[in-house]
Amino acid sequence: MADRILGTVCLLLGAAMAWASRSYAAEISYEPVGPRAFPLLLAAIFALIGAWLLVTGGRRVAKPAAASKATLAEPLPASGAAEAATAIVPAAPANNLVAVAMCAVAVLVYGALFQTLGFVLATALMTVPVAKAFGGTLKGGLIGGLVMGFGFYLLFDKVLDVILPTGVLSFILGGR
C-alpha cells in the first residue's frame with residue numbers, strides 16, 4: 001500500500017512540476033534547450049516512476065536466500081517457504097549510514113573534481129563508491145560509470161548542445 005501512495009505522490013509531483021515549468025523562458029536565448037527542458041524531463045521521470053509504482057503495487061523480486069549478498073536488505077527467517085522468498089526487512093542501521101555516507105562523500109568529491117577531470121571521468125569515479133555502497137563490484141561500478149559518463153556526455157553535449165567540461169579528456173572529446 002505504501003508503494004501505491006508513493007506512486008500517487010510521484011505522479012502528483014510530476015504533474016505539479018510540469019505545470020510550474022510551463023512558463024519558464026530565458027530572457028536571452030543562450031542554449032538551444034532553454035530552462036524548461038530539465039524540469040519537464042524530471043517531471044516525466046517522476047510521472048513514469050509514479051505510474052510504475054501504481055501498477056506494480058510493491059511487488060518485489062527476491063533472490064533465493066543462498067544466492068543473495070544482502071547489503072541494504074536481508075531476508076527474514078519465516079516459517080513458510082512462500083514467506084521466506086518475499087519477506088525483506090531493512091539491514092542494520094549502521095550499514096545504511098555507511099552507504100549514505102559513501103554516497104555523500106562521492107557527491108562532494110564529484111563536485112570538487114568536476115571541472116578538473118571533466119564530466120566523463122568525474123562521473124565514472126563517482127559511480128564506483130555509489131555502486132559499492134549498494135553491493136556492486138569495483139569493476140561493475142567503473143564500467144557502468146564510464147558507460148554512463150560517455151553516454152550522458154554525448155546526450156547533453158552533442159544532442160542537447162549543453163556545454164559540459166571535458167577536463168583531461170579534452171584531446172579526445174573536442175575540449176571545452
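It should be emphasised that the depicted structure is a prediction, and the values quoted were computed from it without experimental measurement.
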Check your understanding: Are Leu108 and Leu121 co-members of a hydrophobic cluster defined by side-chain heavy atoms under 4.5 Å apart?
Key -> no
Review point. Are Ile5 and Leu48 grouped together when hydrophobic residues (ILVMFWY) are joined by side-chain heavy atoms under 4.5 angstrom apart?
Key: no
Practice item. Begin from the C-alpha positions of Cys103 and Phe134 and carry the test side chain to side chain contact (heavy atoms under 4.5 Å, CB included) through to its verdict. Key: CA-CA 10 Å; Cys103 291; Phe134 290 99; 3.7 Å; yes
Practice item. Using a 4.5 Å cut-off on heavy atoms from C-beta on, say whether the side chain of Met148 contacts that of Thr127. Key: yes
Practice item. State, to 0.1 Å, how close Gln115 and Pro165 come at their nearest heavy-atom pair, and which atoms those are. Key: OE1-CB, 3.9 Å
Study note, to complete from the structure: Closest non-hydrogen contact found for Phe119 with Tyr153 is CE2-N, 3.7 Å
Practice item. Using the rule that two of Ile, Leu, Val, Met, Phe, Trp, Tyr join whenever any of their side-chain heavy atoms come within less than 4.5 Å, decide whether Ile172 and Leu164 are in one cluster. Key: yes
**Study point:** Nearest-0.5 Å distance, CD1 of residue Ile45 to CG of residue Leu13
**Key:** 12.0 Å
Practice item. Please check if the side chain of Ser21 supplies one atom and the backbone of Ala18 the other of a donor-acceptor pair under 3.5 Å. Key: yes
Review point. Is there a path from Phe46 to Trp19 through hydrophobic residues (I, L, V, M, F, W, Y) whose side chains come within less than 4.5 Å of each other?
Key: no
Check your understanding: Tell me, do Met102 and Val130 make a side-chain contact under 4.5 Å, heavy atoms counted?
Key -> no
Point to revise | Expected output: side-chain Thr137 to main-chain Gly140 donor-acceptor under 3.5 Å | key: yes
Practice item. Supply the atom-to-atom distance Leu142 CG to Leu125 CG, rounded to the nearest 0.5 angstrom. Key: 7.5 Å
Study note, to complete from the structure: Heavy atoms of Gly141 and Ala131 approach each other most closely as CA-CB, 3.7 Å
Exercise for review: Check the pair Leu155, Phe150 against side chain to side chain contact (heavy atoms under 4.5 Å, CB included), reporting the backbone distance first and the verdict last.
Suggested key: CA-CA 9 Å; Leu155 173 69; Phe150 277 110; over 6 Å; no
Check your understanding: Which heavy-atom pair separates Leu53 from Asp3 by the least distance, and what is that distance?
Key -> CB-O, 3.5 Å
Revision key, fill the gap. Side chain to side chain donor-acceptor pair (under 3.5 Å) filter on Thr123, not counting sequence neighbours, yields Tyr110
Practice item. Look at the side-chain heavy atoms of Ile, Leu, Val, Met, Phe, Trp and Tyr, link any pair under 4.5 Å apart, and say whether Val168 and Leu113 land in one connected group. Key: yes
Point to revise | Shortest non-hydrogen contact between Arg4 and Leu54, atoms and distance | key: NH1-O, 2.9 Å
